[in-house]
Amino acid sequence: MYKSEFLRVLDERGFIHQGTNLEGLDARLSAGVVTGYIGFDATARSLHAGSLVQIMLLHWLQETGGKPIALMGGGTTKVGDPTGKDAARAMLSDADIAANIAGIKGVFEKFLAFGDGPTDAIMVDNDDWLSRLGYVEFLRDYGTEFTINRMLTFDSVKLRLERESPMTFLEFNYMLMQAYDFHELYRRYGCSLQMGGSDQWGNIVNGVELCRRKDGAEVFGLTTPLLTTASGKKMGKTEQGAVWLNADMLSVYDYWQFWRNAEDADVGLLLARFTKLPMAEVRRLAALGGAEINEAKKILATEATALLHGRAAAATAAETARRTFEEGAAAAGLPTITVARGELDAGVQAIDAFLKAGLIASKGEGRRHIQAGALKVNDAPLTDERALNAADIKDGAIKLSVGKKKHALIKAG
């Protein structure tokens, strides 16, 4: 059992995968304020839900008395992390990167308290030091600390080579730059902890070792398990793409629906990772079965949405969903189709239902919408011409949508 509150919280909520010296980190955390960081490259003007695991790590570090650093990768974005990639990233201009960082900053303010106090969060940009490095001096002072033999063993490199996917020398330098970030943050802010996903383990270890060699300091690394859904999908991705955290890229209601549509088997894990509900309540909700699991999903959706968009916005999204599904056309102004229960049990072709509801003009149009991901059943994209049946009923109705503005309900008569 860990002594520090931070590691106890992470352990109970399933955040811990690997650590360089967890006993030593536990002792350091118990002795006083620990400063820890996570890096976020600025490849888009919003982070997506897959980044929430790391954001929650910083949140819990601050909640338990630590000091979080959100490191913006203005410099490393110019190079591109090869981890998990089969091809090099498209190069972004300095203006693109600056615009992306500006778009990302607002999300952290929802989860962290920034300021000048001992445990207040800070945000820094690694471009402040990486772009000022002299290439020859960097190679002379730091290139000798990394061996090609060791770097070739890291998954981020090894997997690319096994797939015979080209890896540029620019990308190969990414792990040196990330290690240098830890060294620089230790020197500037006394940062002694780097956290990240398990795919970053090799990069984190490099940074820990560089601080030991260059600073004579013991610093620590901690990784989280890579999060996939029960069906094997990557967290934060849907058939339509990324689940963005910025409200101007994904509406609060659609964000709420993303969590509401979680798979039954994932509810406990998602409640533990992405809400602040006490673990006793998480375990109670995760144990619900049958139709009751839908109530747990609504709580998950509301709590997760409240952390990002605020309690009032989350309540509004929940009420919109309730009115749409439970009160139907009378409350939400949606057209409603009544289908005999026996007919629905046998199966009704989805395209026929969209036609009957007047949402599409022809089956051809419906098929084109399916290919574009525009037809939705219960807010999830329809991926083929399947039949709808009683299993699709949620909260008394099946919701049909074309895009974000055209909706209808199917109810069993």
Side-chain angles (χ1 to χ4, degrees), residues 2 4 6-7 10-11 14-29 34-41 47 50-61 66-73 75-77 79-85 124 126 129-130 142-143 145-160 171-227:
Y2 296 109
S4 63
F6 179 58
L7 290 184
L10 295 197
D11 186 41
F15 281 107
I16 298 176
H17 180 64
Q18 293 168 296
T20 55
N21 176 6
L22 289 176
E23 287 186 7
L25 175 59
D26 194 29
R28 186 77 62 87
L29 287 160
V34 166
T35 301
Y37 90 97
I38 299 175
F40 300 85
D41 279 348
L47 298 175
S51 299
L52 281 172
V53 172
Q54 312 313 324
I55 295 172
M56 291 303 295
L57 285 181
L58 294 176
H59 173 82
W60 284 116
L61 178 64
K67 183 180 182 69
I69 297 177
L71 178 66
M72 295 292 97
T76 41
T77 300
V79 175
D81 183 359
T83 304
K85 308 291 190 304
V124 296
N126 64 15
W129 52 82
L130 291 179
Y142 297 96
E145 305 295 339
F146 301 88
T147 67
I148 299 297
N149 313 60
R150 176 81 184 280
M151 294 165 77
L152 288 173
T153 67
F154 292 137
D155 286 344
S156 58
V157 177
K158 188 168 60 175
L159 294 176
R160 280 279 283 276
E171 293 175 284
F172 202 68
N173 276 270
Y174 185 93
M175 59 185 72
L176 277 71
M177 297 170 73
Q178 186 170 327
Y180 185 83
D181 282 345
F182 202 172
H183 166 59
E184 193 68 28
L185 289 171
Y186 174 80
R187 293 200 311 179
R188 291 182 179 222
Y189 305 103
C191 182
S192 58
L193 172 64
Q194 181 183 176
M195 299 175 286
S198 60
D199 58 335
Q200 294 294 321
W201 177 247
N203 292 335
I204 290 173
V205 168
N206 273 341
V208 169
E209 293 183 353
L210 186 63
C211 290
R212 177 179 60 80
R213 292 171 183 164
K214 289 295 187 181
D215 304 302
E218 182 182 20
V219 296
F220 305 93
L222 175 71
T223 65
T224 59
L226 288 183
L227 186 58

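Because the structure is predicted, anything quoted here is derived from the model rather than measured. Atom set for the values below is all heavy atoms of this structure, side chains included, hydrogens, waters and symmetry mates excluded.
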Is [Y] close to [X] at the side-chain level, that is, under 4.5 Å between some pair of heavy atoms?
X	Y	result
Leu22	Tyr2	yes
Asn206	Phe182	no
Phe40	Ile55	yes
Val219	Thr20	no
Leu52	Leu227	no
Glu209	Val205	yes
Tyr189	Tyr37	no
Tyr186	Lys214	no

Task: Ionic contact status for Arg187 with Glu184, cut-off 4.0 Å - done: yes
TODO: Return yes if some donor-acceptor pair links the side-chain N/O of Asp26 with the main-chain N/O of Ser4 below 3.5 Å, else return no.
DONE: yes
Which value, rounded to the nearest 0.5 Å, describes the distance between [X] atom [atom1] and [Y] atom [atom2]?
X	Y	atom1	atom2	answer
Leu176	Leu210	CG	CG	8.5 Å
Gln18	Leu222	CD	CG	9.5 Å
Leu193	Leu25	CG	CG	5.5 Å
Leu29	Leu61	CG	CG	7.5 Å
Thr224	Gln200	OG1	CD	10.0 Å
Leu47	Gln54	CG	CD	10.5 Å

Show the nearest heavy-atom pair for residues [X] and [Y], with the distance to one decimal.
X	Y	value
Asn126	Leu71	N-CD1, 3.7 Å
His17	Ser198	CD2-CB, 3.4 Å
Arg28	Glu218	NH2-O, 3.2 Å
Ile69	Leu58	O-CD2, 3.9 Å

Open item on the list: Ring centroids only, cut at 6.0 angstrom: are Tyr180 and His183 within range, meaning strictly under it?
Closed with: yes
Open item on the list: With side-chain contact (heavy atoms from CB on, under 4.5 Å) as the criterion, how do Asn21 and Val208 come out once you've worked through the C-alpha distance, each side chain's angles and the decisive distance to 0.1 Å?
Closed with: CA-CA 11 Å; Asn21 176 6; Val208 169; over 6 Å; no
- [ ] Answer yes or no: are there more than 12 heavy-atom neighbours, outside Glu23 itself, under 6.0 Å from its atom CD?
- [x] no
